[in-house]
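Not measured: the values here are computed from a predicted model. Every heavy atom of this structure was used, including side-chain atoms; hydrogens, water molecules and symmetry mates were not.
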Amino acid sequence: DVTVDATADGLIVAVTGSVGIAKGGESGFGGAGTVSINLLENTLEAGIIDTVVTAASTGNVTVDADDSTGIYSFAGAFAAGKSAGLGGAVAVNSLNNSVTATIDGSTLDTTGNVSAVAKETGTVVTVAVAGAGSEKLAIAGSVAINFFDNDIAVQVIDSVITAGAVAFTAQDKTTSVAAAGGIAIS
């Protein structure tokens, strides 16, 4: 058997938070804000290039590129003041991966199977929460955004393949969860 395997399983965990509290007799302004930005760009390629597997081969030939990178981002802010409380939280994540399984310039002749798989199974979870409290004015807001621009491909270029079975699969099974919330009490 011949196996070419490329795997990426990076992990980003970002936790940001802020608190603003104003203490004052007659008036006081409390403000708090937080921003969390995570940009991830992986290039992952598994390939068989300029290779000859002869007719005497009986094994399987497998090319596998698999990215399962994860981003977990949490942003939170709370503000309180006698006159005003303003709290804001923003969390933005971007997953921009290229995952490719390639057979290029090769002759693969086997009684076994030939397969090439390119797969993206990344997970992005984003939570942004803001709170504010005041006797007069309370404003709270949050934003949670996930962006994806993945390129997933299986390529066979200038190659001859003779095998018992041939299978090519390109899958993007990215999971995205974004939640935002705010509460203001005055």
Side-chain angles (χ1 to χ4, degrees), residues 3-23 28-48 62-81 84-102 115-134 137-155 167-186:
T3 301
V4 178
D5 190 16
T7 303
D9 59 0
L11 176 63
I12 294 175
V13 176
V15 179
T16 57
S18 63
V19 175
I21 298 176
K23 249 176 91 173
F29 168 82
T34 186
V35 176
S36 176
I37 299 174
N38 299 290
L39 308 173
L40 187 60
E41 186 172 332
N42 289 332
T43 299
L44 182 66
E45 185 170 353
I48 293 178
T62 304
V63 181
D64 186 19
D66 185 4
D67 182 281
S68 60
T69 301
I71 301 174
Y72 297 87
S73 175
F74 307 96
F78 175 76
L86 304 173
V90 176
V92 177
N93 296 297
S94 174
L95 195 62
N96 182 12
N97 291 336
S98 174
V99 181
T100 308
T102 302
S115 67
V117 177
K119 184 167 44 172
E120 172 65 57
T121 58
T123 300
V124 178
V125 176
T126 306
V127 178
V129 178
S134 174
L137 174 67
I139 299 173
S142 63
V143 176
I145 300 173
N146 293 334
F147 294 103
F148 297 95
D149 186 17
N150 295 323
D151 293 318
I152 316 303
V154 172
Q155 302 176 41
F168 302 125
T169 306
Q171 296 178 330
D172 189 349
K173 292 183 155 188
T174 306
T175 302
S176 172
V177 177
I183 186 169
I185 299 172
S186 179

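- Annotation: side chain of Phe168 is not in contact with side chain of Ser115 (no heavy-atom distance under 4.5 Å).
- The closest donor-acceptor contact from the side chain of Ser18 to the backbone of Gly33 lies under 3.5 Å.
- Using a 3.5 Å distance cut-off with no hydrogens or angles, the side chains of Ser36 and Ser73 do pair a donor with an acceptor.
- Closest heavy-atom contact between Ala130 and Gly141: CB-O, 3.1 Å.
- Counting heavy atoms from C-beta outward, Val99 and Glu45 have side chains that stay 4.5 Å or more apart.
- Side-chain atoms of Asp172 come within 3.5 Å of backbone atoms of Thr174 as a donor-acceptor pair (strictly under, hydrogens ignored).
- When all heavy atoms are compared, the tightest approach of Ala118 to Ala101 is CB-N, 3.9 Å.
- Side-chain contact between Val127 and Tyr72 is absent, with no heavy atoms from C-beta onward closer than 4.5 Å.
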Next item on the list: Please test Leu95 against Glu120 for side-chain contact (heavy atoms from CB on, under 4.5 Å), starting from the C-alpha separation and ending with a verdict.
Entry: CA-CA 11 Å; Leu95 195 62; Glu120 172 65 57; 4.2 Å; yes
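- If you take OG1 on Thr7 and CG on Leu44, they are separated by 7.0 Å, rounding to the nearest 0.5 Å.
- A side-chain donor-acceptor contact under 3.5 Å links Asn150 to the backbone of Asn97.
- Nearest heavy atoms, Ser68 versus Thr121: CB-OG1, 3.3 Å.
- Screening Asn96, Val124, Asn93, Thr69 for a side chain to side chain contact (heavy atoms under 4.5 Å, CB included) involving Leu40 leaves a single residue, Thr69.
- Atom CD1 of Ile71 and atom OG of Ser94 lie 7.5 Å apart (nearest 0.5 Å).
- Shown here for Gly87 and Ala132, the closest heavy-atom pair between the two residues is N-CB, 4.0 Å.
- Side-chain N or O atoms of Ser142 include one that pairs as donor or acceptor with a backbone N or O of Gly181 at under 3.5 Å.
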Note to self: Apply side-chain contact (heavy atoms from CB on, under 4.5 Å) to residues Thr3 and Asp64 and explain how you reach the verdict.
What the structure shows: CA-CA 8 Å; Thr3 301; Asp64 186 19; 5.9 Å; no
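- Between Phe74 and Thr126, every side-chain heavy-atom pair lies at or beyond the 4.5 Å cut-off.
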Checklist line | Leu137 vs Phe29, side-chain contact (heavy atoms from CB on, under 4.5 Å): CA-CA, chis, key distance, verdict | finding: CA-CA 9 Å; Leu137 174 67; Phe29 168 82; over 6 Å; no
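- The minimum heavy-atom distance between Ala144 and Ala180, with the atom names listed, is N-CB, 3.9 Å.
- Using a 4.5 Å cut-off on side-chain heavy atoms (C-beta onward), Asp67 and Lys119 make no contact.
- Using a 4.5 Å cut-off on side-chain heavy atoms (C-beta onward), Thr100 and Gln155 make contact.
- Under the 3.5 Å distance criterion, with hydrogens and angles disregarded, a donor-acceptor pair is assigned to the side chains of Asn146 and Ser176.
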